[in-house]
Novice: 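Shown below is the structure under consideration.
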Amino acid sequence: MSDDNKKYSLNLPDTEFPMRGNLAQREPGWVSSWAEKKYYQQIRDVKKGKPKFILHDGPPYANGNIHIGHAVNKVLKDIIVKSKGLSDYDAPYTPGWDCHGLPIELAIEKEHGKNLDSKKFRQLCRDYANLQVANQKNDFIRLGVLGDWDNPYLTLNKKTEADIVRSLGKIYQNNMLYQGNKPVHWCLDCGSALAEAEVDYENKTSISIDVAFKGVDQTGLHQLFNSSKFEKDIYAVIWTTTPWTLPANEAISVNPKLKYVLLELEEKLLVIADELVDKFAARTGQTVNKINSTLGQELENFLFNHPFYVEKHVPIILGDHVTTEDGTGLVHTAPAHGLDDYVVGMKYNLPVENPVNEEGSFKSNVEFFAGQNIWKANSEIIDLLIENGALIFKKSFEHSYPHCWRHKTPIIFRATQQWFIGMNLSLGQKTLRDIAKEQVEQTEFIPSWGKARLEGMMKNRPDWCISRQRNWGVPITIFTHLETDEPHPKTDEYFEKIAFLIEEHGIDAWFDLDINEWLGDDAKNYKKVTDTLDVWFDSGTTHESVLKTNDNLNYPADLYLEGSDQHRGWFQSSLLTASAISGQAPYKALLTHGFVVDGQGKKMSKSKGNVIAPQKIMDQYGADILRFWVAMTDFSGELNISDEIIKRSADGYRRLRNTLRFLCANISDFDESSMMLEESNLLLLDKYALLKTDALQKEIAQLYESYDFHHLTKKLVSFCSEDMGGFYLDIIKDRLYTMSEKSLERRSAQTALYHITHALTRMIAPILSFTAEELWQTITDDQNIFKESWYEFTPSSLNQEELQFLREIEDIRPIVNKSIEAEREKGLVGSALECDIHLSCKPETFQILKPYESELHFIFIVSCVSLIEEQQGLSVSVKKINHDKCDRCWHFEPSVGTHQEHPSICERCITNLFGDGEKRKYA
């Protein structure tokens with residue numbers, strides 16, 4: 001640098017906060033540092049005694065690497081918890097994992113085979129789940145999520161397993177638990193019952209058949225239909241897409257209020273619902289002749305022959321579940337294979353005879369089909385119907401059908417002896433269904449549509465089958481009578497004793513338990529239940545095992561936050577168990593986020609090659625870019641992600657970082673203890689910048705409060721790029737760089753920048769946690785931004801007249817810039833500082849601007865501004881100024897070249913460098 005350049009040097013910005021974040025390389029160091037310095041505990045210590053805010057973590061399943069959906073879920077939770085800390089809440093976060101269940105069993109069977117000792121098998125499952133937890137935990141921590149990672153809750157912990165048993169005991173004591181032989185979703189691949197949440201609906205092609213059941217009392221039927229002149233037999237016609245369920249048929253259901261007609265078809269007279277005759281004729285291609293009709297209720301108790309068990313007679317029964325949507329209006333009823341069938345069958349005391357075993361084959365006592373796989377038996381059943389003259393019609397039919405969510409294979413309804421939580425059982429005067437519906441009414445839903453969804457599920461859901469025929473799970477710790485299946489009279493007492501054993505020794509304590517030691521002489525009359533609990537019961541009772549047992553947490557939680565599928569999963573299982581235990585929902589509010597899809601809105605799958613792993617994003621861009629994408633996306637619907645979308649997030653982050661770097665760089669030489677000015681002593685523009693930042697912080701705090709993160713990030717980005725970069729920071733560069741280093745005018749700007757930087761660091765911290773921490777360590781001697789609260793601003797001293805001026809120039813400045821740009825495009829001027837601006841405005845605007853005319857050229861960043869009062873609207877005249885350019889400030893000034901000692905710089909720069917310095921009041 002030459003001597004002249006040194007002599008005329010500017011106050012150039014300098015900072016340790018780099019332009020390039022290099023987040024992917026640097027973030028792991030912060031992660032280690034946060035753990036080493038116990039950041040989470042520091043936050044707890046600082047916030048101790050503040051009002052609590054509890055976000056209860058829904059446990060991910062301990063199997064496999066985390067995917068992008070996991071990342072969205074954990075980042076949203078972290079944003080909320082950190083923002084609550086800023087709002088002066090004590091917001092602890094205890095992460096958890098769901099550790100029992102079939103996927104872990106399948107992983108162990110795949111690696112070690114199926115013929116393992118049960119105890120050894122459970123130990124392998126436990127070891128496997130712990131390994132999965134460790135791997136997932138590392139990725140969650142890498143995302144920048146702060147929590148009690150040293151003390152997470154795991155459903156495989158002995159204490160948690162014991163508390164799960166205690167929860168079951170409380171539900172039993174409240175008479176909400178019963179054992180019943182009723183149809184449940186059964187996966188043939190799992191070999192177990194499934195929960196509602198484990199069932200997906202996919203399209204399946206089936207054979208639909210119309211089957212004729214011959215009436216037993218032909219005389220009575222002819223009398224009913226006044227059809228005795230037709231010398232043909234009368235048949236009831238059912239329609240089904242599951243021929244394999246016909247061996248279990250026990251009745252035919254009709255709707256009592258529907259009209260049923262007698263049709264003539266070749267050698268038969270057929271009974272069909274009047275509303276479905278046209279559909280039946282179209283489906284079968286037959287011409288039919290209506291004879292007479294009757295109401296469904298008149299058909300009740302008429303008997304018909306089973307179509308291939310000719311000695312078996314089945315009755316017509318009445319059921320409101322019969323509709324005219326499809327079929328014939330007469331429903332083949334097998335209580336062992338359908339919930340509606342079971343419910344209506346109970347009213348008529350029909351037997352619940354399940355002819356199908358656990359593997360999906362007919363049992364050995366099933367005539368014609370013993371030992372056959374049910375799916376393969378469909379064709380033989382149809383052949384037998386044809387042989388017996390009972391098949392009216394068959395065709396392929398595509399329809400929505402329940403599938404196992406794990407195996408993606410069709411499941412069946414199959415009656416088995418299972419344990420249920422009864423939706424219509426009573427706790428006091430109200431049923432569990434009533435309590436759950438009331439609690440839904442009292443819950444806040446974000447987005448609001450979640451309420452109708454959960455409400456509908458509570459209204460219609462069947463009893464909850466909570467038993468599973470598995471090894472790796474919390475046992476149902478009940479002794480039942482060998483003949484009556486009734487629980488032992490001391491079951492209430494045993495629940496706590498067994499829970500205490502499990503707390504000491506884990507779930508093996510139940511499986512190892514000697515029934516003779518417990519029941520003595522009674523042991524010969526009882527058996528130990530070997531079923532395990534549905535894993536949704538494990539996670540659904542964490543309000544008991546976690547919220548009520550952890551001193552850092554409260555019950556009920558303020559918020560549960562999960563994906564939209566959890567209305568039928570964790571949200572529901574938690575609501576039902578809490579309602580059954582205490583009559584209260586375990587949460588005050590439910591927040592739902594959508595699923596992640598690719599850039600075209602398609603579901604992600606490995607086969608399509610459109611899966612984007614969070615680990616890849618973190619390795620390439622850094623976790624803050626991933627967090628920024630999560631916050632910028634409206635999570636109430638589907639979240640689109642692609643390489644291009646992530647690149648756009650990275651670009652947006654860079655623009656934000658550039659603003660933050662400018663702020664840091666220009667307060668690097670600022671000592672707040674000795675250089676800070678009172679707000680009332682600041683220049684007008686600096687006061688305005690603080691007023692706007694204060695207003696922004698209030699708005700940002702409110703947007704965090706309402707979980708509106710995508711609007712929040714837009715506000716932040718807009719503020720940094722427009723209010724700061726495009727207005728305030730652009731204007732004050734001249735003052736920061738060219739005025740005397742220690743001048744009050746420069747200190748005024750630095751004071752404002754100090755306050756703005758401290759406020760913005762807090763505003764971005766919940767989202768851009770690593771960047772905020774980096775910024776915090778740059779501008780303070782402290783560490784751990786997450787201990788802070790919202791920044792406190794001094795009330796603004798701006799008066800109404802000053803505010804009117806400032807808002808006016810905000811409106812005018814873009815117009816001036818546009819006029820300059822038009823002249824630049826014509827080649828008439830180069831930089832804006834070459835311009836001499838004549839601003840014509842109406843009298844009222846002229847009066848607002850006139851007191852500040854001397855400093856308008858700083859605001860518009862030109863070399864000269866003249867105000868002209870006119871009656872017409874605002875107009876801008878741009879002329880090229882005829883002065884020389886100052887080598888230091890780049891303004892075109894008449895004083896350039898007039899000083900012999902400093903010919904290359906202007907009078908303003910000379911006084912700023914060597915004299916008392918220029919004086920400013922506004923800009």
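One is the number of the first residue; the rest follow in order along the sequence. Since the structure is predicted, the reported quantities are computational estimates derived from the model, not experimental observations.
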Novice: Set out, in order, the CA-CA distance, both residues' side-chain angles and the distance that settles salt bridge (charged side-chain N to carboxylate O under 4.0 Å, His left out) for Lys879 and Glu823, then state yes or no.
Specialist: CA-CA 9 Å; Lys879 296 180 180 178; Glu823 297 304 306; over 6 Å; no
Novice: Quick check: do Leu12 and Leu10 have side-chain heavy atoms less than 4.5 Å from each other?
Specialist: yes
Novice: For Asn912 and Gly917, indicate whether the former's side chain and the latter's backbone hold a donor-acceptor pair under 3.5 Å.
Specialist: no
Novice: Angle between ring planes, Tyr89 versus Phe53, binned at 30° and 60°: parallel, tilted or perpendicular?
Specialist: perpendicular
Novice: Does atom CD (Glu844) have a neighbourhood of more than 12 heavy atoms from anything else shown, all under 6.0 Å?
Specialist: yes
Novice: Quick one: closest heavy-atom pair of Trp149 and Val145, and the distance?
Specialist: NE1-O, 2.9 Å
Novice: Around Glu741, counting heavy atoms of other residues, nucleotides and ligands shown, do more than 12 lie under 6.0 Å from its CD?
Specialist: yes
Novice: Could you go step by step and tell me if Asp624 and Arg657 meet the salt bridge (charged side-chain N to carboxylate O under 4.0 Å, His left out) rule?
Specialist: CA-CA 11 Å; Asp624 263 5; Arg657 187 179 180 90; over 6 Å; no
Novice: If you measure only the distance, is there a donor-acceptor pair under 3.5 Å linking the side chains of Ser789 and Asp88?
Specialist: yes
Novice: With a cut-off of under 6.0 Å to the ring centre and 45° to the axis, is Arg747 in cation-pi contact with Tyr754?
Specialist: no
Novice: Could you go through Val630 and Leu76, starting from their C-alpha distance and side-chain angles, then the distance that decides it, and tell me whether this counts as side chain to side chain contact (heavy atoms under 4.5 Å, CB included)?
Specialist: CA-CA 7 Å; Val630 172; Leu76 286 174; 3.8 Å; yes
Novice: Measure the shortest side-chain to side-chain distance between Leu143 and Met618 over non-hydrogen atoms and say whether it is less than 4.5 angstrom.
Specialist: yes
Novice: Using the test side chain to side chain donor-acceptor pair (under 3.5 Å), find all partners of Glu893 that sit at least two apart in sequence or belong to another chain.
Specialist: none
Novice: So with a 6.0 Å cut-off around CG of Asn882, is the heavy-atom count from everything else above 12?
Specialist: no
Novice: Is Thr693 reaching over with its side chain to a backbone N or O of Ala689, donor-acceptor style, under 3.5 angstrom?
Specialist: yes
Novice: Could you note down all residue pairs passing salt bridge (charged side-chain N to carboxylate O under 4.0 Å, His left out) where residues 687-698 supplies at least one of them, sequence neighbours left out?
Specialist: Lys692-Asp723, Lys692-Glu810, Asp694-Lys698
Novice: Might you work through the side chain to side chain contact (heavy atoms under 4.5 Å, CB included) test for Lys616 and Asp643, ending with a clear yes or no?
Specialist: CA-CA 11 Å; Lys616 180 185 174 185; Asp643 290 334; 4.3 Å; yes
Novice: Is there a side-chain contact between Leu146 and Val81, using heavy atoms and a 4.5 Å cut-off?
Specialist: no
Novice: Look at Arg735 together with Asp686 and state whether they make a salt bridge at an N to O cut-off of under 4.0 Å.
Specialist: yes
Novice: Shortest non-hydrogen contact from Asp598 to Asn640?
Specialist: O-ND2, 2.8 Å
Novice: Would Trp890 and Tyr737 count as a close aromatic pair, with their ring centres under 6.0 Å?
Specialist: no
Novice: Taking Arg762 for the side chain and Leu86 for the main chain, is one N or O donor matched with an acceptor at less than 3.5 Å?
Specialist: no
Novice: So, Ser642 side chain and Gly599 main chain: donor-acceptor pair closer than 3.5 Å or not?
Specialist: no
Novice: For Lys715, check side chain to side chain donor-acceptor pair (under 3.5 Å) against everything at least two apart and list the hits.
Specialist: Glu699
Novice: In this structure, which one of Lys82, Lys84, Arg627 forms a side-chain contact (heavy atoms from CB on, under 4.5 Å) with Pro766?
Specialist: Lys82
Novice: Is the backbone N or O of Ile848 less than 3.5 Å from a side-chain atom of Glu808, with the two atoms forming a donor-acceptor pair by type?
Specialist: no
Novice: Considering all heavy atoms of both residues, which atom of Asn666 and which atom of Asp669 are nearest to each other, and what is their separation?
Specialist: O-OD1, 4.3 Å
Novice: Look up atom CD1 in Ile861 and atom CD1 in Ile837, then write down how far apart they are to the nearest 0.5 Å.
Specialist: 12.0 Å
Novice: Look at the side chain of Ser863 and the backbone N and O of Leu833, then say whether any donor-acceptor pair between them is shorter than 3.5 Å.
Specialist: yes
Novice: What pairs with Glu821 under side chain to side chain donor-acceptor pair (under 3.5 Å), at least two apart in sequence or on another chain?
Specialist: Arg824
Novice: Main chain of Phe17, side chain of Arg661: is a donor-acceptor contact present, judged purely on distance under 3.5 Å?
Specialist: yes
Novice: Could you tell me whether a side-chain N or O of Asp619 sits under 3.5 Å from a main-chain N or O of Ala24, the two making a donor and an acceptor?
Specialist: no
Novice: Looking at Ser796 and Leu691, what are the two nearest heavy atoms and their distance?
Specialist: CB-CD1, 3.7 Å
Novice: Treating Ser32 as the side-chain partner and Pro28 as the backbone partner, does any N or O pair qualify as donor plus acceptor under 3.5 Å?
Specialist: yes
Novice: With sequence neighbours left out, what residues match Phe858 under side-chain contact (heavy atoms from CB on, under 4.5 Å)?
Specialist: Asp734, Glu855, His891, Arg908, Glu918, Arg920, Ala923
Novice: To the nearest 0.5 Å, tell me how far Leu760 CG sits from Leu716 CG.
Specialist: 7.0 Å
Novice: Does CD belonging to Gln800 count more than 12 external heavy atoms closer than 6.0 Å?
Specialist: no
Novice: Between Asp651 and Arg654, does a salt bridge (charged side-chain N to carboxylate O under 4.0 Å, His left out) hold up when you go through it step by step?
Specialist: CA-CA 5 Å; Asp651 290 342; Arg654 276 191 287 273; 2.3 Å; yes
Novice: Does any non-hydrogen side-chain atom of Thr738 lie less than 4.5 Å from one of Arg888?
Specialist: yes
Novice: Using side-chain heavy atoms (C-beta onward) and a distance below 4.5 Å, is Leu856 in contact with Leu867?
Specialist: yes
Novice: Before giving the answer on side-chain hydrogen bond (donor to acceptor under 3.5 Å, both in side chains), spell out for Ser904 and Tyr8 the whole-Å C-alpha distance, their side-chain angles and the decisive distance to 0.1 Å.
Specialist: CA-CA 10 Å; Ser904 63; Tyr8 300 148; 4.8 Å; no
Novice: Report yes if some heavy atom in the side chain of Asp78 is under 4.5 Å from a heavy atom in the side chain of Phe140; otherwise report no.
Specialist: no
Novice: Rounded to the nearest 0.5 Å, what separates atom CG in Asp730 from atom CZ in Arg813?
Specialist: 5.0 Å
Novice: So, do Trp629 and Ile68 sit near enough that their side-chain heavy atoms are less than 4.5 Å apart?
Specialist: yes
Novice: Between Gly622 and Arg142, what is the shortest heavy-atom contact and its length?
Specialist: CA-NH2, 4.3 Å
Novice: Look up atom CD in Gln615 and atom CG in Asn138, then write down how far apart they are to the nearest 0.5 Å.
Specialist: 11.0 Å
Novice: With sequence neighbours left out, write down each residue that passes side chain to side chain donor-acceptor pair (under 3.5 Å) with Ser673, or none if nothing qualifies.
Specialist: Asp671
Novice: How are the rings of His902 and Phe914 set to each other: parallel, tilted or perpendicular (split at 30° and 60°)?
Specialist: parallel
Novice: Roughly how far, to the nearest 0.5 Å, is the CZ atom of Phe709 from the CZ atom of Phe628?
Specialist: 14.0 Å
Novice: Trp34 vs Tyr39 aromatic rings, parallel, tilted or perpendicular, using cut-offs 30° and 60°?
Specialist: parallel
Novice: Where the side chain of Glu773 meets the backbone of Asn784, is there a donor-acceptor pair that is under 3.5 Å apart?
Specialist: yes
Novice: Would you check if Cys720 and Arg655 make a side-chain contact, meaning some heavy-atom pair closer than 4.5 Å?
Specialist: no
Novice: To the nearest 0.5 Å, what is the distance between CG (Leu684) and OH (Tyr852)?
Specialist: 5.5 Å
